[in-house]
Each structure stands twice: as C-alpha cells, then as structure tokens.
Amino acid sequence: MIVAFSITPLGVGEGVAEPVARAVKVVRESGLPNRTDAMFTTIEGEWDEVMAVVKQAVDAVKEVAPRVSIVLKADIREGVTDGMTSKLDSLERHLD
C-alpha cells in the first residue's frame, strides 16, 4: 500500500515548518520507504504499519497545534512491494 498524505497544523500562525517537521521526522524514523515533497509525504508498507505511522505523525503535530487537518490518498494493491519506485520507473521508460 502506498499512502500520500499532508498534515496541516491549524491555529499556529503562518509558520508551520516546525510542526510539519515533527510529522516528517516520525515518518523518516519509521523505517518504511518514504518521500517528502513540497505538498505530500508518501509512505509505503502494509495497511496497519502505514496507518500507525500516519497516526503517530498526526499525534506529533497535535502536541504543538490546537487543531490538525489531514489529506490522505491511498493506493491499495495486494502483492505489490516497492510500488513507489516501480511506478516512477515505469513512467520514466515511457518518457524516453
């Protein structure tokens, strides 16, 4: 399963880098394959482990923000591993 999610701390003013960094740190320390870009963090693994990391990331932000918003998109496909890389590899082959 691949999950792309974005956590937005609310009620902390315009500077959200520190609260968001708390969430990204949780994801990076999870040991699961992940990527972070300007809009989303993407993580790959089994349902329970991915959702546990998403919850921990939200909880980390909740420690410093009175309100948290989350956007989540999931690609649930049994038997696929390394989907984050293989999807991009397939795309790149078609661009050549």
Side-chain angles (χ1 to χ4, degrees):
M1 141 183 250
I2 301 170
V3 170
F5 68 101
S6 174
I7 297 174
T8 305
L10 302 171
V12 296
E14 289 189 37
V16 297
E18 189 276 329
V20 171
R22 296 169 66 90
V24 172
K25 183 176 181 186
V26 167
V27 173
R28 290 185 178 171
E29 291 177 350
S30 74
L32 295 175
N34 66 84
R35 284 193 188 106
T36 299
D37 60 36
M39 296 290 294
F40 286 93
T41 293
T42 304
I43 186 168
E44 183 172 8
E46 297 299 319
W47 178 278
D48 289 340
E49 61 188 358
V50 168
M51 291 305 181
V53 172
V54 171
K55 182 183 182 322
Q56 291 167 8
V58 169
D59 289 345
V61 175
K62 281 178 23 182
E63 290 176 0
V64 295
R67 186 175 175 190
V68 179
S69 174
I70 183 169
V71 174
L72 185 141
K73 181 176 181 178
D75 181 354
I76 304 163
R77 190 171 177 193
E78 294 294 324
V80 174
T81 56
D82 197 31
M84 285 173 43
T85 302
S86 62
K87 281 186 168 191
L88 289 176
D89 290 345
S90 176
L91 173 66
E92 289 297 329
R93 283 193 304 273
H94 288 87
L95 293 173
D96 291 338

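Note that the numbering runs from 1 along the sequence shown for the chain.
- I76 forms part of a hydrophobic cluster together with M1, V3, F5, I7, V26, V27, L32, I43, W47, V50, M51, V53, V54, V58, V61, V68, I70, L72, judged by ILVMFWY side-chain heavy-atom separations under 4.5 Å.
- Applying the 4.5 Å side-chain rule to ILVMFWY residues, one finds F40, V71 in the same cluster as M39.
- Under the 4.5 Å side-chain criterion, counting only non-hydrogen atoms from C-beta, P66 is in contact with V12.
- Counting only residues at least two apart or in different chains, side chain to side chain donor-acceptor pair (under 3.5 Å) contacts with residues 5-14 are absent.
- Partners of T41 under the side-chain hydrogen bond (donor to acceptor under 3.5 Å, both in side chains) rule, at least two apart in sequence or in another chain, are T36.
- In this view, K55 and D59 satisfy the side-chain hydrogen bond (donor to acceptor under 3.5 Å, both in side chains) rule, not counting sequence neighbours.
- Every side-chain contact (heavy atoms from CB on, under 4.5 Å) that E18 has, sequence neighbours left out, goes to R22, V64.
- Among residues two or more places apart in sequence or in another chain, the side-chain contact (heavy atoms from CB on, under 4.5 Å) test is passed with R67 by L10.
- Sorted pairs that involve residues 42-54 and meet salt bridge (Lys or Arg N to Asp or Glu O under 4.0 Å), not counting sequence neighbours, are lacking altogether.
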